[in-house]
2 protein chains.
Amino acid sequence: MTETASRPTLEAVAARAGVSRATASRVVNGGDGVREPLVERVRRAVEELGYVPNQAARSLVTRRHDAVAVVIAEPETRVFADPFFALQLRGISKELTTHDSQLVLLLTEGRDDHVRVGRYLAGGHVDGALVFSLHLDDPLPGLIHGAGVPTVFGGRPGWGDGARNSVPTVYVDCDNRGGAREAVRHLVGLGRTCIAHITGALDQTSAVDRLDGFRDVMVDGDPALVAEGDFTPAGGERAMRELLERRPDVDAVFAANDLSASGALRVLRERGRRVPDDVAVIGFDDMLPIAEQTDPPLTSVRQDIEEMGRLMARLLLRRLDRRSGDASLGGDPSSVVLPTTLVRRVSA
Amino acid sequence: MTETASRPTLEAVAARAGVSRATASRVVNGGDGVREPLVERVRRAVEELGYVPNQAARSLVTRRHDAVAVVIAEPETRVFADPFFALQLRGISKELTTHDSQLVLLLTEGRDDHVRVGRYLAGGHVDGALVFSLHLDDPLPGLIHGAGVPTVFGGRPGWGDGARNSVPTVYVDCDNRGGAREAVRHLVGLGRTCIAHITGALDQTSAVDRLDGFRDVMVDGDPALVAEGDFTPAGGERAMRELLERRPDVDAVFAANDLSASGALRVLRERGRRVPDDVAVIGFDDMLPIAEQTDPPLTSVRQDIEEMGRLMARLLLRRLDRRSGDASLGGDPSSVVLPTTLVRRVSA
DNA sequence: CTGAAAGCGCTAACAA
DNA sequence: TTGTTAGCGCTTTCAG
């Protein structure tokens, strides 16, 4: 035990099994085309020696890394108020795990970080990237494209559905616009006549899409009934105050997410408006720890966030497989938009 | 542009700069002992070619990976209600970034995952590990120790401060016990006489330590004034109800974290008890998005979570540096316990 | 079906 | 100070 504790190599496994390194390698990588008895012997040797392949050596020759970068570009602290990313990560992690791929997390906070991330991706350390939280003016997509790494985006990027330099953009998103429409229609169905919207941060497509959904239903709505928020509770409060000032007769609010809805709720309570009697409120995301804990519990548009994460990973992995020969899987995967559902609670 | 897009190698850089591969390597790795003009030439070549070192090749010979695993072992969904992990991750990420180290995220959900993580760590893919959220019966520490990877734990592990097989356990935690004492003393100072405690999940040391702190102050307290929670709002509600039933005269509550405090607050409101007039409430963590959003805003024991993450990473990196020669840095780093501060808001 | 041998791109002795 | 050279551990033709 006082020997050098260096881990056993394939060489050692081969020696112990009485085969060549090549055969040992074949067995370790699936064992196709090796006769059963040998397979068995190698397996045993692996077991006994506690052999684990050296990923570095393997990558050096295969040029695969079995690792995927997850880039979260959120300069604001929003990330932390919102369980959103944790859920996505969980979904991604689950999917990657089943494919024996590792998750390399890249958090960025400012301009410098972008450069760093770009370099890292260009460095060929990972097989692909999953990228979140793009803002409209984000330099990241450019850097990523330059790096030439297969990428799937979380949320529709701001540059439109089209191809970008002949590489089609693949993303996973929920039906923000449709979900918003459903929420507003529900308010209409409740008999509300003065329906307002608190937007999200309008440099993100999710906020824009939800606003569009609102307008789809409220054609000819009073522009004063739209107040700009930023997805935070504080933003929701501010917007709600504005709204109350501009249109005291407001009887319903659709907020761009649960967090801003919770802010709105607080202002309404403070002003003595009863929810939902005086003002009905609907959020978006159906983030359980928020929606269920507000007073009153929040009606919200649900999106399956963990599933979105899982799907992103799956699309990326499929694309990677396709690349490395497995031509079977049909064409290049394309973007996916997941449906939403309205979850009714007390607030509307 | 239609050429093979394979990235340039050191060889190419050397050729372009008119030096040997060794010299090019030296420059890329800091350039010590290379004469200025050559350094300059190599730098330029790197620039022009857009050279990025192949990490796999480098690891193969150096046996360093410039990567650290972060293991979050939280089978419950608590992770997502709580911005806790996101904050720690941010701290860790910042620190790792300044050391050019990568963050490999390992999320585990069940027994199988533990095995997988153990194998991964044993596989020598990373230089070290940062491990969170241990529960008392967790098999992970054993696996990790077996893997022989330098590790720093987040939160005091359950097996005591001592060494484990001659390797001292290093962890970073906040002063849970002291913070709890301060909170309870504050309640006493407020003139409260019937002070209750809602515990966290008692299979975690943080919950046990906070309970101990409570008892430090409330020696001879009525055992009926301690109700078991689990760090969730639902657990907090349940515990609060019990408490109200067992001791209707309760006039103060110290909850093991903000989430359970928020649950308690809800029950108190529902029962018509005014906070803080009838019952004073204190939480723990001072998680802003929670503590500031409750009604009324929550007095809480603050711990600097991001700093804890940063510190964990720093300790680990120092240990790694020490290992690889840099003997300068003094002895092996030991555990750190960070102080807490009581943040007064309205609830107490 | 199996083995021998040639590298993948890089660092680190060792020579010059 | 710089260059030469020998691998790091693995996969993958190519013979046998």
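Residue numbering restarts at 1 for every chain, and letters A, B, ... go by the order of the sequence lines.
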Is there a salt bridge (Lys or Arg N to Asp or Glu O under 4.0 Å) between B/R64 and B/D66? Walk through the geometry before answering. CA-CA 6 Å; B/R64 293 210 67 206; B/D66 296 317; 3.7 Å; yes
Integer-rounded Å distance: C/dC8 P and B/E11 CD: 10 Å
Specify the separation, in whole Å, of atom CZ of A/R7 and atom P of D/dC8. 15 Å
I want to check one thing: is the phosphate of C/dT11, taken as OP1 and OP2, less than 4.0 Å away from some side-chain N or O of B/R58? yes
Over how many whole Å does the gap from A/L10 atom CG to C/dA4 atom P extend? 14 Å
Between N or O atoms, less than 3.5 Å apart, protein on one side and nucleotides 3-7 of chain D on the other: list the pairs.
{"from": "D/dG3", "atom 1": "OP2", "to": "B/S20", "atom 2": "N", "distance (Å)": "3.0"}
{"from": "D/dG3", "atom 1": "OP2", "to": "B/S20", "atom 2": "OG", "distance (Å)": "3.1"}
{"from": "D/dG3", "atom 1": "OP2", "to": "B/T23", "atom 2": "OG1", "distance (Å)": "2.8"}
{"from": "D/dG3", "atom 1": "O6", "to": "B/R26", "atom 2": "NH2", "distance (Å)": "2.6"}
{"from": "D/dA6", "atom 1": "N6", "to": "B/R21", "atom 2": "NH2", "distance (Å)": "3.1"}

Once you round it to whole Å, what is the distance between P of C/dC1 and CD of A/E36? 12 Å
Going by the ring-ring contact (aromatic ring centres under 6.0 Å, His included) test, which pairs reach into residues 93-129 of chain B, not counting sequence neighbours? B/Y120-B/H125
The salt bridge (charged side-chain N to carboxylate O under 4.0 Å, His left out) partners of B/R63 (sequence neighbours excluded) come to none
Can you give me the bend angle of the helix from C/dC1-D/dG16 to C/dA16-D/dT1? Use the axis through the first five pairs and the one through the last five, nearest 10 degrees. 30°
Short side-chain N/O contact to C/dT11 OP1/OP2 from B/S25, under 4.0 Å: yes
Salt-bridge test for A/D321 and A/R318: reply yes if a basic N is under 4.0 Å from a carboxylate O, no otherwise. no
Report the residues that fulfil salt bridge (charged side-chain N to carboxylate O under 4.0 Å, His left out) with B/D173, sequence neighbours left out, ordered by chain and then residue number. none
To the nearest angstrom, how far is A/R64 atom CZ from D/dC10 atom C1'? 16 Å
Under 3.5 Å, which donor-acceptor pairs link side chains of residues 31-47 of chain B to any protein atom two or more places apart or in another chain?
{"from": "B/R41", "atom 1": "NE", "to": "B/A17", "atom 2": "O", "distance (Å)": "3.1"}
{"from": "B/R41", "atom 1": "NH2", "to": "B/A17", "atom 2": "O", "distance (Å)": "2.9"}

Residues forming a side-chain hydrogen bond (donor to acceptor under 3.5 Å, both in side chains) with B/S93, sequence neighbours excluded: none
Using whole Å, what does the distance between atom P of nucleotide D/dT12 and atom CG of A/D32 come to? 12 Å
What is the distance, to the nearest angstrom, from the NE2 atom on A/H125 to the P atom on C/dG9? 14 Å
Test side-chain hydrogen bond (donor to acceptor under 3.5 Å, both in side chains) applied to B/T62 - qualifying residues, sequence neighbours left out: none
Measure the distance from CG on A/L60 to C1' on C/dA6 and round it to the nearest whole Å. 13 Å
Where along residues 41-57 of chain B does a heavy atom fall under 4.0 Å from DNA chain C? B/Y51, B/P53, B/N54, B/A57
A/R26: which residues meet the salt bridge (charged side-chain N to carboxylate O under 4.0 Å, His left out) condition with it, sequence neighbours left out? none
Does A/N54 have any side-chain hydrogen bond (donor to acceptor under 3.5 Å, both in side chains) partners at least two apart in sequence or in another chain, and if so, which? none
Taking salt bridge (charged side-chain N to carboxylate O under 4.0 Å, His left out) as the test, write out the residues that go with A/R58, two or more places apart. none
